[in-house]
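The structure under discussion appears below in the form of C-alpha cells.
The first residue of the sequence shown is numbered 1, and numbering continues consecutively from there. Atoms within each ligand, like the ligands themselves, are counted from 1 in listed order.
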Amino acid sequence: MSGADELDEALALANDRLPKAGSRRQPAVGDDGLLPGWLTADADAGGGADVSGGAGRGDAPPPVAAVTGLSGPSGDPGDDEDLLPDWVHAPGRTGPARTAPAPAAEPAAPTASAEPAASASAAPGDGDGDELVPDWLHAPARTAPAPAPAAPEAPTPTAAPPDRHGGTDWREARRTAGRAASSGTPVTLPCDEALGHVLAAPVEALTDLPPFDTSAMDGWAVSGPGPWDLAAPDGSTAPEAPTAPDVAPTPTAAATRGIVAGQDAPAPLSDGHAVRIATGARVPRGATAVLRSERAREAGTRLRLAPDAPRGGARQGTDIRPRGQECRSGDRLLASGAVVTPAVLGLVAAAGYDRLTVVPRPRVEVLVLGEELLHEGRPRDGRIRDALGPMIGPWLAALGADVVATRRLGDDAEALHRALAGTDADLVVTTGGTAAGPLDHVRPTLRRLDARLLVDGVEVRPGHPMLLADLGARHLVGLPGNPLAAVSGLLTLAGPLIRALAGRPAPAPVRAPLTAAVAGHPRDTRLVPVEYAGDGAGAVPLHYTGPAMLRGIASASHLAVVPPGGAAAGTPVQLLELPW
Ligand SMILES: Nc1nc2c(c(=O)[nH]1)N[C@H]1C(S)=C(S)[C@@H](COP(=O)(O)OP(=O)(O)OC[C@H]3O[C@@H](n4cnc5c(N)ncnc54)[C@H](O)[C@@H]3O)O[C@H]1N2
Ligand code: MOO
C-alpha cells in the first residue's frame with residue numbers, strides 16, 4: 001500500500017549495492033549520510049565471530065565510536081530492514097554464511113553517489129531483506145567467495161537526516177501505553193475460569209496443608225522402636241486362624257490392606273505396634289514414624305527392620321508429613337497481582353478454594369486490514385498470506401487479553417469505521433493501514449471518530465508508524481502491516497496497555513550483553529530479535545530480522561533494545577521477553 005520512506009529507499013539502494021563475491025564497493029550513503037552498518041565492524045570480527053553491521057572475518061575492529069552514531073549495518077537506518085546482513089548474525093552457521101567475506105569496509109562517501117549507475121538501476125524494493133543482501137549470503141551450499149580486504153578506518157558519522165518522521169520516544173511510548181488505562185472492577189470466577197487472570201486479592205490458605213499428619217510412603221506406621229506387632233487399622237491385632245498347626249498366623253484382611261488415603265480417623269496405635277499404611281493416608285495418633293515397605297519384613301504378625309535398612313529408618317517423624325508443614329490456615333500463599341497459572345490453580349485447590357477474585361481480562365478485537373491478504377494456500381496472483389491474523393490473537397492472549405474476534409476487513413474504510421464504531425471490546429488492535437498510502441484507512445477513520453491519538457508514531461525500528469488512540473470507552477492500537485513491525489507494536493504499545501488493563505505486573509527487567517555488535521538507527525531505538533538462554537552466554541542477535549520477516553522472531557526468545565547509534569559486542573542491553 002505504501003512505499004518505503006526516503007531513508008528506507010536510500011538504504012535499500014545501499015544494500016542493493018552490497019559487494020558481490022570478493023568485490024569492493026563503495027558503500028552507498030543516503031541523503032542523510034547514513035552509513036551502511038558493515039562499516040561498524042566489531043572487534044570480534046577479525047576472529048570470524050559475528051559482527052554488527054555486516055563486517056565479516058578479517059575486518060579491522062573499529063572503535064566503539066564507530067558503532068555509536070552510525071546507521072544500521074547493511075545500511076538501513078530509515079528502516080529496520082536488514083540492518084544487518086543476515087549472515088552476520090548466524091550463530092553456529094556453517095558454509096558461506098560463516099565464511100562469507102566482509103563487504104569491503106571503505107569509508108563512505110557523504111552521498112548516495114558511490115555507484116550512481118547501480119543506484120539508478122537497482123530496484124530498492126520495499127525494504128525486503130532479501131533484496132538488501134546479496135543472495136549468496138543466504139545460500140549455505142554455495143562456495144564462499146574470496147575474503148574481502150581488511151576494513152579501513154571507520155568513517156566519520158554524518159548528520160542525522162532532516163526528514164525524521166517524528167513520533168514519541170520509544171520508552172515514553174511504552175510509559176504512555178502503560179498509563180493509558182487502568183484495570184477493571186474485580187470479578188469472582190470459578191477457579192477453572194480464572195486461569196490467565198491476575199489475582200485481585202491475596203490468596204490465604206483456608207486450611208492447614210497438609211491438613212493432617214500424612215504418610216509420605218507406602219509401608220507401616222510404627223509406634224516406638226521395633227520389632228512391632230502388626231495391627232489392623234481398627235486397632236485389632238487378632239491374627240487369622242492358622243490353616244494348619246505348623247503354619248504361622250497371618251494378619252487379618254483389614255491389617256493387610258492397612259490405612260489407605262482418604263480414610264478418616266484410624267484407630268490410635270499403641271507402643272510396639274505397626275499398621276500398614278499407604279502414601280497419603282492419615283497417620284494414626286500414637287505413630288512415631290512411617291517405615292517404608294522396603295525397609296522392613298513381616299513374619300506372620302510381627303514386623304522387623306530389614307537387615308539392610310538404614311539406621312534410623314524408623315526414627316521419630318521419619319516419612320511423616322506433619323500437619324501444617326506447607327502452610328497454616330490463614331497463611332498468605334499468593335499476593336494480589338499474581339498471575340493465575342496452572343500451578344496456582346493447583347495450589348488454591350489444595351488450599352480449599354473453589355472461586356477466585358481476579359481482575360477481568362481485557363476483551364480485545366483484532367481487525368486485520370489489507371485486500372492483498374489470502375487466508376489459505378500459497379501466495380498467488382500478487383497476493384500474500386495473512387501472517388498477522390494467525391499471530392496477533394494468540395500473542396494478545398499470551399499478554400493477558402481475551403480475544404473476542406479476529407476479523408478480516410480488507411481495505412474497506414466504511415467497514416473499518418463500522419467496526420470501530422460498533423465494537424464493545426476494551427481494546428481494538430488493527431494490523432496494517434497505519435501509513436499514508438491510498439488504502440491506509442486507520443488514521444482517517446480515527447479522525448472521523450474524533451479519537452485522541454495518545455501515541456502517533458514511535459521512534460523505533462521497525463514499527464515507527466504504530467499508534468495508540470483513545471476512543472473514549474476503549475483504546476485502539478494500530479500495528480503497522482509489516483509483520484515484524486507489528487511485533488514491535490505489540491511489545492511497545494499493546495503489551496504495556498494490556499498489562500495495565502489486566503492488572504499484570506511488568507516483567508522483571510532483563511539485561512544481557514550482546515554477543516555481537518548491533519548497529520543502530522541514528523535516532524531511533526531498534527528492537528532486534530535475539531536468542532538468550534539466560535545462562536550467561538549473552539544475547540545472540542538473530543538472522544532474518546527485516547520488518548517484513550518473521551523468520552528471526554520465530555526462533556527468538558527476546559527482543560534486544562538497541563539504543564540509537566547501536567551497541568558494541570559485550571554491551572549489556574535491555575531484553576524484552578516474549579510472553580511464552
Ligand atoms: N511514505 C511512507 N510509506 C511508508 C512508511 C513511511 O514512513 N512513509 N513507512 C513504511 C513502514 S516502516 C511500514 S511498517 C509500513 C506500514 O504500513 P501500513 O501499516 O500502512 O501497512 P500496509 O501498507 O497495509 O502493509 C505494509 C506491508 O505489510 C504487509 N502486510 C500487511 N498486513 C499483513 C498481514 N496481515 N500479513 C502479512 N503481511 C501483511 C503488506 O502487504 C505490505 O507489504 O509502511 C511503509 N510505508
Ligand atoms: O519498516 Mo516499518 O519500520 O516495518 O515499521
Side-chain angles (χ1 to χ4, degrees), residues 1-12 15 72 76-83 124-132 161 163-167 170 173 366-376 379 381-393 395 406-413 416 429-446 456-467 476-493 521 523-529 545-553 559:
M1 277 182 249
S2 43
D5 67 28
E6 284 179 38
L7 287 180
D8 299 348
E9 293 277 355
L11 270 297
N15 280 304
D76 193 348
D79 191 329
D80 209 54
E81 197 81 28
D82 265 348
L83 290 176
D126 61 1
D128 275 338
D130 286 336
E131 296 165 58
L132 304 187
D163 57 343
R164 56 187 307 172
H165 61 81
W170 178 75
V366 181
L367 304 179
V368 177
L369 311 180
E371 211 67 58
E372 75 277 29
L373 304 174
L374 295 168
H375 306 299
E376 58 179 19
D381 308 327
R383 302 177 70 192
I384 58 165
R385 276 293 296 273
D386 168 23
L388 296 179
M391 180 177 88
I392 302 297
W395 199 305
T406 293
R407 300 170 58 201
R408 276 93 181 177
L409 299 187
D411 284 319
D412 182 340
L416 177 60
V429 174
T430 57
T431 69
T434 60
L439 298 176
D440 293 335
H441 301 308
V442 174
R443 281 182 167 80
T445 306
L446 289 173
D456 186 3
V458 176
E459 291 173 346
V460 67
R461 302 294 165 139
H464 69 83
M466 69 179 75
L467 61 88
L476 179 141
V477 169
L479 301 176
N482 277 331
L484 193 63
V487 168
S488 169
L490 285 172
L491 273 89
T492 302
L493 299 177
H521 187 275
R523 301 170 310 261
D524 292 356
T525 299
R526 282 190 70 208
L527 301 182
V528 179
T545 58
M549 299 180 189
L550 292 174
R551 190 168 165 186
I553 189 77
L559 277 132

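Within the 4.0 Å heavy-atom criterion, the part of His464 lying near ligand 1 is the side chain and not the backbone. By the criterion of a heavy-atom distance under 4.0 Å, the side chain of Asp440, and not its backbone, is placed next to ligand 1. By the criterion of a heavy-atom distance under 4.0 Å, neither the backbone nor the side chain of Val442 is placed next to ligand 1. Contacts between Leu439 and ligand 1 below 4.0 angstrom, taking non-hydrogen atoms only, are absent altogether.
Every atom of ligand 1 is numbered from 1 in the order shown, and the set under 4.0 Å from a heavy atom of Glu372 is 31 (C), 40 (C), 41 (O). Heavy-atom proximity to Ala485, at under 4.0 Å, picks out these atoms of ligand 2: 2 (Mo), 4 (O), 5 (O). Every atom of ligand 2 with a heavy atom of Pro547 under 4.0 Å away is listed here by number and element: 1 (O), 4 (O). Counting atoms of ligand 1 from 1 in the listed order, those under 4.0 Å from a heavy atom of Arg385 are 36 (N), 37 (C). Shown in contact with Pro465 at under 4.0 Å from a heavy atom are these atoms of ligand 2, numbered in order with element: 5 (O). When each atom of ligand 2 is checked for a heavy atom of Gly463 under 4.0 Å away, the hits are 2 (Mo), 3 (O), 5 (O). Within ligand 2, the atoms closer than 4.0 Å to a non-hydrogen atom of His464 are 3 (O), 5 (O), numbered from 1 in the order shown. The atoms of ligand 1 that sit less than 4.0 Å from any heavy atom of Asp386 are 34 (C), 35 (N), 36 (N).
Rounded to the nearest 0.5 Å, atoms CG (Leu484) and CG (Leu490) are 10.0 Å apart. The structure places CD of Glu372 at 9.0 Å from CG of Leu374, a figure rounded to the nearest 0.5 Å. Here Leu467 contributes atom CG and Thr430 contributes atom OG1; the two are 6.5 Å apart, rounded to the nearest 0.5 Å.
When the options Thr431, Thr434, Leu388 are evaluated for a side-chain contact (heavy atoms from CB on, under 4.5 Å) with Leu479, the one that passes is Thr431.
The main-chain N or O of Pro462 is found under 3.5 Å from a side-chain atom of Ser488 such that the two form a donor-acceptor pair. A donor-acceptor distance shorter than 3.5 angstrom exists from the side chain of His441 to the backbone of Asp411, with no hydrogens or angles considered. Of the possible donor and acceptor atoms, one in the side chain of Asp386 sits under 3.5 Å from a partner among the backbone N and O of Gly389. Side chain of Arg408 to backbone of His375: no donor-acceptor contact under 3.5 angstrom is found.
Ligand 1 has an N or O atom lying under 3.5 Å from an N or O atom of Gly481, backbone or side chain. Every N/O-N/O distance between Pro462 and ligand 2 stays at or above 3.5 Å. Some N or O of Gly433 is nearer than 3.5 Å to an N or O of ligand 1, by distance alone. Residue contacts with ligand 1: Ala485 is placed with no nitrogen or oxygen under 3.5 Å of a nitrogen or oxygen of the ligand (distance criterion only). Taking distance alone, with nitrogen or oxygen atoms compared against 3.5 Å, Pro465 stays at or beyond that limit from ligand 1. Note: no N/O pair closer than 3.5 Å links Thr431 and ligand 1 by distance alone.
Residues Val477 and Leu493 are in side-chain contact: their nearest non-hydrogen atoms beyond the backbone lie under 4.5 Å apart.
Residues that satisfy the ring-ring contact (aromatic ring centres under 6.0 Å, His included) test with Trp170, not counting sequence neighbours, are absent from this structure. Among residues two or more places apart in sequence or in another chain, the side-chain contact (heavy atoms from CB on, under 4.5 Å) test is passed with Arg407 by Glu365, Leu367, Ala405, Leu409, Ala419.
Around atom 14 (S) of ligand 1, the closest heavy atom drawn from Asp411, Thr430, Leu484, Asn482 belongs to Asn482.
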